[in-house]
Amino acid sequence: MRQADRPADPPADRPAEDEGRGGLALLRDRRFGPYFFGSLASNTGTWFQNVAAILTIFAMTRSAFMVGLVTALQFAMQLVLAPVIGAVADRADRRVLIIVGQTLGGGAAAVLALLAFLDALNPWLLLTFVGLSGVGQAVTGPAAQALVPNIVGRADVPQAIALHSLTFNLSRAIGPVAGAATYALAGAGTAFAVNAASFLVFAAALSRVRLPRPAAGARPRGRLGVLGGLTYVRGRPELLRCLVAVALIGLAMEPINTLSPLFAEGFGGGELLVGVFITFFGIGSALIAGWVGRLRRTMGSGRTGAVGVFALGAGMVLLAVSPGPVMATAGIALGGAGYLLAVSDVNATMQHGLADEVRGRVMALWSMCFLGIRPGAAMLHGWLGDTFSARTGAFVAAVAAIAAAVVLRPRLTRHPPR
């Protein structure tokens, strides 16, 4: 292994590699704890804003296309900016970069709240400041992914990544319902204000986190610029497999968002049942999150990811064949657990042995694969649901999960348990 590719030594106050801590111990960590809870607050606030923005623009325009623009802007900002931000994250203080992104996103959300309170909001102002808020999230994303190994020791990275991934699922379980209730009871302005405050909570939490100094020569040199992450990954087949796998995982879990209304309608339910489906996907993720580190040490990195995608696929099959909401909910919870296990394992595998000076750019590619598949996946599953049935979309998701297992399979014998 070249000197530049060797992982940084764990901080002096961190346990050795064979002494990785559990989830509760990491949450009590003076560095990781504030990061986790700040990230959870920020992600939950984003759901408040997403729901309020969708409801507001639909009330203004009655246009599904305009509703789609709200979501598209969030993804577009991250797809466009991720390579640049990844390169910056390899040259600047990642913690400071996240604080800048959170402050920018919080400022845009605060302006949205003010405009809503003044009854001065129109569709184009709404889209403009949703886009600016998306810029803040785009600035945060690659830096946040790359920061996790800098916060904890090497042995704790898989468990820390699982907990970081959990913040997205917990926020999705909490945020949409709470955001819709806030919109109904207090209006869009209050929902936007909650998001603005959540951005600032994360920024304040990170401002109190002190990181070890990077090793001498840890910053990139030479011509390794914005495309350096792609150059780095191209010569490493395992990293390419991880990127393909995470795109397939994104395709496999998308029916929970896109097809839940069709399943709920088919079972005779309404908006409440949709909320139950989305919530139980997050609950399944939460139940497995604390076990990721232990499972990786027992089964090995590749095998853990394969088990995760098989569980995700099995959950989608249960959803597809379910005769009623109880079995559907159980399948969705199983899918949530498999998703969290798979995406955490693949993320940790990518970061293990990754040179820190290119970590930001490589994790920017991760963000682009994971987010880039989502608009297309949503359109595909929506078309399948409209043209054939929601069950067809769930079966296609199961096939995507099996494909992810095939992609990950070459790693099964290469990574012994650790």
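In what follows, every heavy atom counts, from backbone to side chain, and hydrogens, waters and symmetry copies are set aside.
- No side-chain heavy atom of D156 sits under 4.5 Å from any side-chain heavy atom of I151.
- Counting only heavy atoms from C-beta outward, the side chains of L104 and L132 never approach each other to under 4.5 Å.
- Between the side chain of T56 and the backbone N or O of A53 there is no donor-acceptor pair closer than 3.5 Å.
- What you find for L259 and G385 is that their closest heavy atoms are CD2-CA, 4.1 Å.
- No side-chain heavy atom of F395 sits under 4.5 Å from any side-chain heavy atom of M316.
- Side-chain atoms of S39 and S42 include no donor-acceptor pair closer than 3.5 Å.
- Checking side-chain atoms of D29 against main-chain N and O of V152 turns up no donor-acceptor pair under 3.5 Å.
- Here F281 and Y339 bring their ring centres to under 6.0 angstrom of each other.
- When all heavy atoms of A337 and I288 are compared, the closest pair comes out as O-CG2, 3.5 Å.
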Please walk me through it: do I161 and V157 pass side chain to side chain contact (heavy atoms under 4.5 Å, CB included)?
CA-CA 6 Å; I161 287 173; V157 167; 3.5 Å; yes
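- Of the N and O atoms on the side chains of T349 and E238, not one donor lies less than 3.5 Å from an acceptor on the other residue.
- The existence of a salt bridge linking D345 and R296 is confirmed by a sub-4.0 Å separation between a basic side-chain nitrogen and an acidic carboxylate oxygen.
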Does M327 form a side chain to side chain contact (heavy atoms under 4.5 Å, CB included) with L318? I'd like the steps, not just the answer.
CA-CA 7 Å; M327 181 182 288; L318 275 179; 4.2 Å; yes
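- Pairing each heavy atom of A191 with each of A52, the nearest pair is CB-CB, 3.6 Å.
- Interatomic distance, CD1 of I174 versus OG1 of T44, reported as 5.0 Å (0.5 Å rounding).
- Shortest non-hydrogen contact noted between A306 and L408 is N-CD1, 4.2 Å.
- For the pair F267 and F277, the minimum side-chain heavy-atom distance is below 4.5 Å.
- Among all heavy-atom pairs drawn from G360 and R94, the shortest one is N-NH2, 3.8 Å.
- Using a 4.5 Å cut-off on side-chain heavy atoms (C-beta onward), T167 and F37 make no contact.
- Put simply, CG on D90 and CD1 on I85 are 11.5 Å apart, with the number rounded to the nearest 0.5 Å.
- To the nearest 0.5 Å, atoms CG (L384) and OG1 (T387) are separated by 7.0 Å.
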Trace of the side chain to side chain contact (heavy atoms under 4.5 Å, CB included) decision for L147 with N150
CA-CA 5 Å; L147 185 67; N150 301 141; 4.1 Å; yes
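- S344 places a side-chain N or O within donor-acceptor distance of the main-chain N or O of L340, the cut-off being under 3.5 Å.
- The CD atom of Q159 sits 8.5 Å away from the CG atom of L27 when rounded to the nearest 0.5 Å.
- Residue F192 holds its CZ atom at 9.0 Å from CG of N195, rounded to the nearest 0.5 Å.
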Check the pair L365, R361 against side chain to side chain contact (heavy atoms under 4.5 Å, CB included), reporting the backbone distance first and the verdict last.
CA-CA 7 Å; L365 294 175; R361 280 163 288 180; over 6 Å; no
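- Between T46 and S198, the shortest heavy-atom distance links the atoms N-OG, 4.5 Å.
- Between the side chain of S133 and the backbone N or O of F129 there is no donor-acceptor pair closer than 3.5 Å.
- In this structure, H164 and F36 have side chains that are not in contact, with every pair of non-hydrogen atoms separated by 4.5 Å or more.
- Ring-plane geometry between F32 and Y35 is classed as tilted, the angle between the planes lying from 30 to 60 degrees on a 0 to 90 degree scale.
- R391 places a side-chain N or O within 3.5 Å of a backbone atom of S322 that can act as its donor or acceptor partner.
- Considering CD of Q137 and CG of N43, their distance stands at 8.0 Å, rounded to 0.5 Å.
- When side chains are defined from C-beta on, L97 does not count as touching T140, because their heavy atoms never get closer than 4.5 Å.
- Within the 4.5 Å cutoff, no side-chain heavy atoms of F199 are placed close to those of T103.
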